[in-house]
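Structure first, then comments.
Letters go in sequence order (proteins before strands), and every chain restarts at 1.
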Number of protein chains: 2
Amino acid sequence: MERQAGQLAGLVEDVMHYFGAQGMEEECCGEKISSGEFRALRAALCHDVCTMQHIAKSAAVTKSGATRIIARLEDKGLAHREQDQQDGRVCCVTLTEDGQSLLHRIEDQLKNKMLVILAAMDPAMRKILIISLKSFLQTAQDKKIINGYNVDIVNK
Amino acid sequence: MERQAGQLAGLVEDVMHYFGAQGMEEECCGEKISSGEFRALRAALCHDVCTMQHIAKSAAVTKSGATRIIARLEDKGLAHREQDQQDGRVCCVTLTEDGQSLLHRIEDQLKNKMLVILAAMDPAMRKILIISLKSFLQTAQDKKIINGYNVDIVNK
DNA sequence: ACATATAGTTGATTATGTCAACTATATATT
DNA sequence: AATATATAGTTGACATAATCAACTATATGT
């Protein structure tokens, strides 16, 4: 299993390499948003009620970083911020129409990229790829929670 | 397959989320190098003869960005730059002892993280995860070359 | 020998994030 | 009810890392 871990680490690095630094960024760039902004958009769409804390965690920035990101998205007309009804301290982030359609456009690009790759793969391989990746991510998520990784993000 | 592509796109985004934005960066930080510098280190180790162009492409920055990155790595004593023998214009980047051991330390951290996750997975699932991921990346790489994606990076 | 292409560097600037101090709201304690 | 404390988010000053455009230096085609 030691060897498997080494292999997997390399594979994950490669995934980040192909679809992270080079892939994603280039896809996004046509749309003129940064990767932090992209992650924030994604977070705002995923979470039903999306606070600044959620943004900060999803984009892996401090809460002040989250403030800047959302401020930029608001300037670009992609997101919107309003005070929570229940708790006046928290601030709910929602996407505008433009924000939603932009996010979908970017995600479609990634999806199309996947489609090209999947089409060149064996059908059985496609199936186990998705099953095993799902299982992997599920386990990773569980482990993170178990390890108490999901601490609140504060200023250091 | 359309649906599979959508699922896969989401899964890949999640991988980048867990091991990219939040995971990797935090691992690196203890070692005080940026993610661009990390990618440059990796590129320098992978490529047998690593030019600034390779660095730029691997780190997804412009060539001037690559210059800055390598300058920083040289200052930190992690990399070394010298003129190519065959072509005086090109500049070969190599890692110092320190650079190599740092890169290995970081990669070990990722490996250990994988070990924790793998340990919690079913052995059969572990196996197909690695097999299918390998196949996926291999196909992705082939497709990129076919699509002529590996263009030279210039200043826009 | 001269024009053009390619590899890399540099000065000025921009983009994105951090830190620490702050405001505002909520919750607990007496 | 008054006060202390915790929590959510914002802001000013600053750091870092990247870009762009202009540059130097070497190589290649005619």
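Applying the side chain to side chain donor-acceptor pair (under 3.5 Å) definition to pairs two or more places apart or across chains, those involving residues 65-79 of chain A are Glu37(A)-Arg72(A), Glu37(A)-Lys76(A), Glu74(A)-Arg81(A). For residues 98-141 of chain A, the set of pairs meeting the ring-ring contact (aromatic ring centres under 6.0 Å, His included) definition, not counting sequence neighbours, comprises Phe136(A)-Phe19(B). Here salt bridge (Lys or Arg N to Asp or Glu O under 4.0 Å) pairs that include residues 83-96 of chain A, with residues two or more places apart or in two chains, are Asp87(A)-Arg89(A).
Rounded to an integer number of Å, the gap from CD1 of Ile55(A) to P of dG9(D) is 10 Å. Atom-to-atom, CG of Asp84(B) to C1' of dG8(C) comes out at 13 Å; the value is rounded to the nearest Å. Straight-line distance from the CG atom of Asp87(A) to the C1' atom of dT23(C): 15 Å, rounded to whole Å. The separation between Gln86(A) atom CD and dA8(D) atom P is 15 Å, rounded to whole Å.
Remark: Arg89(B), Val90(B), Cys91(B) in residues 88-95 of chain B come within less than 4.0 Å of DNA chain C through at least one heavy atom.
Nearest heavy atom pair, residue Ala79(B) against residue Val93(B), reads CB-CG1, 4.3 Å.
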Query raised in the report: Could you run down nucleotides 10-17 of chain C 5' to 3' and tag each one B, S or - for protein heavy-atom contact under 4.0 Å?
Result: BBB---SS
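Atom OG in Ser35(A) sits 12.5 Å away from atom CZ in Arg42(A) (nearest 0.5 Å). For the atom pair OG of Ser58(A) and CD of Gln53(A), the computed distance is 11.0 Å after rounding to the nearest 0.5 Å.
Remark: Ser132(B) engages Met125(A), Ile128(A), Leu129(A), Ser132(A) in a side-chain contact (heavy atoms from CB on, under 4.5 Å) (not counting sequence neighbours).
Among Met114(B), Arg126(B), Lys134(B), Lys113(B), the one residue that satisfies the side-chain contact (heavy atoms from CB on, under 4.5 Å) test with Leu8(A) is Met114(B).
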